[in-house]
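Just below is one structure, and these are the notes that go with it.
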Amino acid sequence: MTIRFINYTMFLNKTIASIFGIGFLKGGGTYAAIVTCGLIWLLWQSPALQNPWYLFAITIFITALGVYVGNKVEPEWGEDSSRVVIDEVAGMLIAMLFIPANLYFLLAGLVLFRFFDIVKPLGIRKMEDLGGGLGVMMDDVLAGVYSNILLWAGYFLWMKFGK
């Protein structure tokens, strides 16, 4: 009976870490980020959820959950497994925090986030040294932060010169 519970728990952890199996696809990180863009777009369309603090709360929850499940699946899947894509979800959410609801910003956020996540410049790779679920999540968190900063810079430039 206990063994079954442990198996179900690990199955749930793997399901969450891989975002319902997306992590098993080739290029799963990109697919997870794209799916997250779709969810962000849906949130933006819902009048009840347009308050940016909802996205903030979801981001905090997903990031904390990612650290937890990252720690749980690492013994079986190995360190920073490509199957774990909840980190891409958190990073993409961070990239879009408090950004005006606009399809162009969403697409730019996707491109910027994937660039920073793949290339890992400016100390992003160093975050992986934290190890465990924290290391898995923090490189994507920082990639999301850099993306968010550039999106805000683009927004202010657009407001100043684009109109």
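Position 1 is the first residue of the sequence, and the numbers go up from there.
- Inter-residue side-chain proximity for Lys120 and Leu142 is flagged as unmet; no heavy-atom pair is nearer than 4.5 Å.
- Note that the CG atom of Leu25 and the OG1 atom of Thr30 stand 11.0 Å from one another [nearest 0.5 Å].
- Interatomic distance, Ile94 CD1 to Ile99 CD1, rounded to the nearest 0.5 Å: 12.5 Å.
- Closest of all the heavy-atom pairs between Leu134 and Val67 is N-CG1, 4.0 Å.
- At a threshold of 4.5 Å between side-chain heavy atoms, the hydrophobic network of Ile, Leu, Val, Met, Phe, Trp and Tyr places Leu97 and Leu103 in one connected group.
- Residues Thr9 and Asn13 form a side-chain contact, since some pair of their non-hydrogen atoms from C-beta on lies under 4.5 Å apart.
- Looking only at side-chain heavy atoms (C-beta outward), Phe56 and Phe61 stay at 4.5 Å or farther from each other.
- In plain terms, the two heavy atoms of Met92 and Leu106 that are nearest each other are CE-O, 4.1 Å.
- Nearest heavy-atom pair across Phe105 and Leu151 is O-CD2, 3.7 Å.
- For the atom pair Met137 CE and Leu130 CG, the distance stands at 12.5 Å (nearest 0.5 Å).
- The two atoms that bring Met10 and Val73 nearest to each other are SD-CG1, 4.2 Å, heavy atoms only.
- Hydrophobic clustering (ILVMFWY, side-chain heavy atoms < 4.5 Å, transitive): Phe24 and Val136 are in one cluster.
- Once rounded to the nearest 0.5 Å, the distance linking CE of Met138 with CG of Asp140 reads 10.0 Å.
- Looking at heavy atoms from C-beta onward, Tyr54 lies out of side-chain contact with Leu43 at the 4.5 angstrom threshold.
- To the nearest 0.5 Å, the span separating CH2 on Trp158 from CG on Asn102 amounts to 6.0 Å.
- For Ser81, the side-chain contact (heavy atoms from CB on, under 4.5 Å) criterion is met by Trp77, Arg83, Val84, not counting sequence neighbours.
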Is there a side chain to side chain contact (heavy atoms under 4.5 Å, CB included) between Leu55 and Phe98 once you walk through the steps? CA-CA 8 Å; Leu55 190 60; Phe98 305 107; over 6 Å; no
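- The two residues Tyr146 and Leu122 come nearest to each other via the heavy atoms OH-O, 2.7 Å.
- One hydrophobic cluster, built from ILVMFWY side chains closer than 4.5 Å, cannot hold both Ile40 and Val111; they sit in different ones.
- A perpendicular orientation is assigned to the rings of Trp41 and Trp44, their planes being inclined by more than 60° (bins at 30° and 60°).
- Of all the heavy atoms in Asn71 and Pro75, the pair that sits closest is O-CD, 3.3 Å.
- With rounding to the nearest 0.5 angstrom, the OG atom of Ser147 is 10.5 Å from the CZ atom of Arg114.
- Annotation: side chain of Val141 is not in contact with side chain of Met127 (no heavy-atom distance under 4.5 Å).
- Cluster annotation: Leu107 is not connected to Ile118 through the hydrophobic network of ILVMFWY side chains, with a link wherever side-chain heavy atoms come within less than 4.5 Å.
- The closest side-chain heavy-atom distance from Lys72 to Tyr68 is below 4.5 Å.
- Contact of the Glu88 side chain with the Asp117 side chain is registered, since non-hydrogen atoms from C-beta on lie closer than 4.5 Å.
- In terms of hydrophobic clustering, with Ile, Leu, Val, Met, Phe, Trp and Tyr side chains grouped at heavy-atom distances under 4.5 Å, Tyr104 and Leu39 are assigned to different clusters.
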